[in-house]
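What follows is a short report on a single structure.
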Amino acid sequence: MSDHKARKASADDLLAETLSRMLSEHFTDIPNPEEIEVGVGRRSRRRLGTVRRGPNGPSITINPLLLLDGVPEYVLDATMAHELCHVVHGYGTLHRPKHPPHRGGRVTAELRARGLHAMTDRADAWIRSQWTNWYETHAADLAAARTARLEERAQMWRAFLGQPGVRSAQDLYRWSDALALRLSVQPIRGVEWLHAGTRQRRLSYCRTRDWIVLLHGVLAHASVPESVLRYELAAWLQYLTTRHDRGTHFSIEQAMSEHEIAEAQHWRRYCWSRFRTKHSPG
Ligand SMILES: [Zn+2]
């Protein structure tokens with residue numbers, strides 16, 4: 001057997017063994033477990049495993065970077081268990097549910113109900129502390145390509161945001177602080193323009209790492225109504241105030257006039273999608 005074939009065979013064996021162990025120890029309630037397939041998937045920075053409908057039943061694929069020597073066994077076990085929870089919920093079966101697979105923390109609840117939370121917590125801790133480095137070491141080519149893509153995107157956004165007439169991050173700060181002052185609540189810690197990629201389709205995001213609010217960069221365009229920006233900021237200020245200062249609550253109506261709210265909501269609903277496509281750089 002060639003080296004490559006031998007490696008592939010041992011990866012397949014490892015996956016088959018992990019699947020059957022998980023099934024017999026923790027998922028004995030799955031009907032027709034013999035129909036579940038498992039195979040080596042693609043290297044990925046974000047996806048450790050997937051499940052979809054195969055020719056005969058659910059088909060699970062596992063990120064090959066998890067099969068390399070040096071990844072603790074419990075990380076592979078936890079990934080397999082995670083995908084099997086999706087199968088329990090109907091994904092990969094003929095009764096695929098319509099709701100998003102992780103809604104309401106249902107996978108976490110399922111793992112807990114099966115007594116798998118300690119293993120999962122351990123695996124999560126490994127992923128949090130080791131995964132980025134592991135990925136950058138063992139998929140250096142993909143990591144380099146990603147860095148180049150991000151740098152190219154950042155350059156495009158810097159050019160876009162540097163144009164004359166485009167709103168600045170200072171404008172955002174000014175509005176955000178004025179809102180907080182008016183409502184007598186803590187101001188938003190920071191507001192920045194997001195160098196958005198094509199998959200980032202919302203008007204704004206909040207980075208939970210440091211609670212910085214990010215507004216889609218294309219909203220800096222001078223033709224976006226000011227009310228739209230103020231509405232985004234007011235909504236985040238409301239969210240963050242409720243979250244960090246329990247008991248304090250205000251409504252958007254206290255922050256903005258009825259007319260402004262109506263204008264912002266109309267623009268978000270009817271103009272945003274087309275505007276984003278038309279004006280985003282790149
Ligand atoms: Zn999942």
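Atoms within a ligand are numbered from 1 in the order they appear, just like the ligands themselves.
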Q: Show all protein N/O/S atoms under 2.8 Å from the Zn ion (ligand 1), or state that there are none.
A: H82 NE2, H86 NE2, H102 NE2

Q) Does anything in residues 39-87 pair up under ring pair (Phe, Tyr, Trp, His ring centres under 6.0 Å), and if so which pairs, sequence neighbours excluded? A) H82-H86, H82-H102, H86-Y91, H86-H102

Q: Working to the nearest 0.5 Å, report the span between CZ of R230 and CE of M256.
A: 5.0 Å

**Q.** Aromatic ring proximity, centroids under 6.0 angstrom, W272 and F275
**A.** no

Q) Can you list the residues that meet the salt bridge (charged side-chain N to carboxylate O under 4.0 Å, His left out) rule with E83, with sequence neighbours excluded? A) none

Q | Under the salt bridge (charged side-chain N to carboxylate O under 4.0 Å, His left out) test, residues paired with D141 that sit two or more places apart | A | R43

Q.
Strictly distance-based, threshold 3.5 Å: is any side-chain N or O of W134 a donor or acceptor partner for the main-chain N or O of L65?
A. yes

